[in-house]
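Numbers here are sequence positions counted from 1.
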Amino acid sequence: MLLKCVILDVLFTLVILPLEPTGAPQTVTVRVTSSRSISVSWDPVIVDDRNGIVKGYKVNYQALPNEPSNAPQAVTVSATSSRSISVSWDPVVADDRNGIIRGYIVSYQALPNGHLVAKILNITNEEQNNRQTVTLAGLNEFTNYSIGVLAFTIFGNGPASVGQVVETLEDKPSGAPQAVTVNVTSSRGISVSWDPVVADDRNGIIKGYILHLALRIIVFKNRRRNKGN
């Protein structure tokens, strides 16, 4: 039996697909160009590590948490009594928070040269977008106060709002007139003089004075003794 063998020529085409680069760009430099931008520069991947034609580059970046870059908004202040002030504000704009706001610091100072005092208000994550209010108590009567508010994250304090000035309400004087003198001017008249209440004790604008007059009557009895007793 005769066998016939046929050998076919098969043509194979080998296609080598390009791989991703096996090396990174070289000499990467980062430079700050403004308060809100940076410039990134680099040299290309080494030729032997490109494994093909490099079509482009992807720059990955992440904004890390930081202190707030802006102050709370719509700050309002109002005197609620002769010794207290209410302070309210809207939160820092979301893009300027740079993290989770942990709380606020309300700074206040009696003008013109009082000590700077700070009151801290801590907030929760659920209160990030809430309007906040605090009451400053134990203040001086009829006194101007300068008040500012700032927000803080775990990384630090942000800028304070523009200081606002408000005056506490008036109250009754806490001191008496000074150097009171009384002189008899006649059998039916006396003269009363005094210096004003010390300025720090006036607690408002003095509208007038009230004089209290107490009449004391002294009776003298003259007893006569009979002779012989």
Side-chain angles (χ1 to χ4, degrees), residues 1-77 87-109 115-134 136 146-164:
M1 182 178 184
L2 181 62
L3 296 177
K4 184 177 182 181
C5 180
V6 178
I7 299 176
L8 300 177
D9 291 332
V10 180
L11 178 63
F12 292 94
T13 301
L14 180 63
V15 178
I16 301 177
L17 298 176
L19 299 174
E20 65 273 8
T22 53
Q26 304 296 299
T27 320
V28 178
T29 60
V30 180
R31 180 171 57 89
V32 176
T33 55
S34 75
S35 60
R36 296 180 63 87
S37 63
I38 58 175
S39 173
V40 184
S41 302
W42 60 89
D43 290 334
V45 178
I46 296 173
V47 174
D48 292 342
D49 293 337
R50 296 178 188 174
N51 301 328
I53 298 173
V54 176
K55 300 294 186 179
Y57 296 89
K58 180 186 292 185
V59 179
N60 295 319
Y61 63 94
Q62 180 181 7
L64 298 176
N66 206 340
E67 67 271 8
S69 53
N70 208 340
Q73 304 295 298
V75 178
T76 60
V77 295
V87 186
S88 300
W89 62 89
D90 288 338
V92 178
V93 176
D95 289 343
D96 295 333
R97 294 176 192 172
N98 302 328
I100 298 174
I101 299 298
R102 301 296 182 179
Y104 297 91
I105 299 176
V106 181
S107 300
Y108 58 100
Q109 179 182 24
H115 295 293
L116 186 65
V117 182
K119 181 170 184 175
I120 299 175
L121 174 67
N122 294 311
I123 66 170
T124 64
N125 292 352
E126 291 73 23
E127 297 176 301
Q128 295 294 301
N129 298 316
N130 293 356
R131 184 170 176 82
Q132 304 291 339
T133 299
V134 299
L136 309 178
S146 176
I147 301 172
V149 185
L150 63 82
F152 62 88
T153 65
I154 61 174
F155 293 93
N157 298 339
S161 61
V162 176
Q164 298 196 40

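A donor-acceptor pair under 3.5 Å is absent between the side-chain atoms of Asn98 and the main chain of Pro65, judged by distance alone.
Counting all heavy atoms, side chain and backbone alike, Ser146 lies closest to Gly163 at OG-CA, 4.3 Å. Of all the heavy atoms in Ser39 and Thr33, the pair that sits closest is CB-CG2, 3.7 Å. Of all non-hydrogen atoms in Ala118 and Ile105, the two that sit nearest each other are CB-CG2, 3.9 Å. The heavy-atom pair separating Arg131 from Gln73 by the smallest distance is NH1-O, 4.5 Å. Gln128 and Pro91 get closest at one heavy-atom pair: O-CB, 3.3 Å. Across all non-hydrogen atoms, the minimal contact from Val92 to Pro72 is CG2-N, 3.8 Å.
Looking only at side-chain heavy atoms (C-beta outward), Val59 and Trp42 come within less than 4.5 Å of each other. Looking only at side-chain heavy atoms (C-beta outward), Ile100 and Thr153 stay at 4.5 Å or farther from each other. Residues Ser41 and Arg31 form no side-chain contact, since every pair of their non-hydrogen atoms from C-beta on lies 4.5 Å or further apart. Leu121 has its side chain out of reach of Val106: every pair of non-hydrogen atoms, C-beta onward, lies at least 4.5 Å apart. Looking only at side-chain heavy atoms (C-beta outward), Leu136 and Ile147 come within less than 4.5 Å of each other. Between Ser107 and Leu116, the closest side-chain pair of non-hydrogen atoms falls below 4.5 Å. For the pair Tyr57/Pro25, a side-chain contact is recorded, criterion being any heavy-atom separation below 4.5 Å from C-beta on.
Note: Asp49 CG to Glu20 CD = 12.0 Å, rounded to the nearest 0.5 Å. Going from atom CZ of Phe152 over to atom CZ of Arg97 covers 14.5 Å, rounded to the nearest 0.5 Å. Atom-to-atom distance recorded for Asn122:CG and Ile101:CD1 is 12.0 Å, nearest 0.5 angstrom. Taken from OH in Tyr104 to CD in Gln132, the straight-line distance is 6.0 Å, to the nearest 0.5 Å. Distance check, rounded to the nearest 0.5 Å: OG1 of Thr76 to CD of Gln164 gives 7.5 Å. In this structure, OG1 in Thr27 is found 4.0 Å from CG in Asp43, a value given to the nearest 0.5 Å.
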Asn70 vs Asp96, side chain to side chain donor-acceptor pair (under 3.5 Å): CA-CA, chis, key distance, verdict | CA-CA 6 Å; Asn70 208 340; Asp96 295 333; 3.2 Å; yes
Side chain to side chain contact (heavy atoms under 4.5 Å, CB included) between Thr29 and Val40: does it pass, once the steps are laid out?
-> CA-CA 6 Å; Thr29 60; Val40 184; over 6 Å; no
Show your working on side chain to side chain contact (heavy atoms under 4.5 Å, CB included) between Arg102 and Asn125 and close with a plain yes or no.
-> CA-CA 8 Å; Arg102 301 296 182 179; Asn125 292 352; 4.1 Å; yes
Stepwise side chain to side chain contact (heavy atoms under 4.5 Å, CB included) test for Val28 and Gln26 = CA-CA 6 Å; Val28 178; Gln26 304 296 299; over 6 Å; no
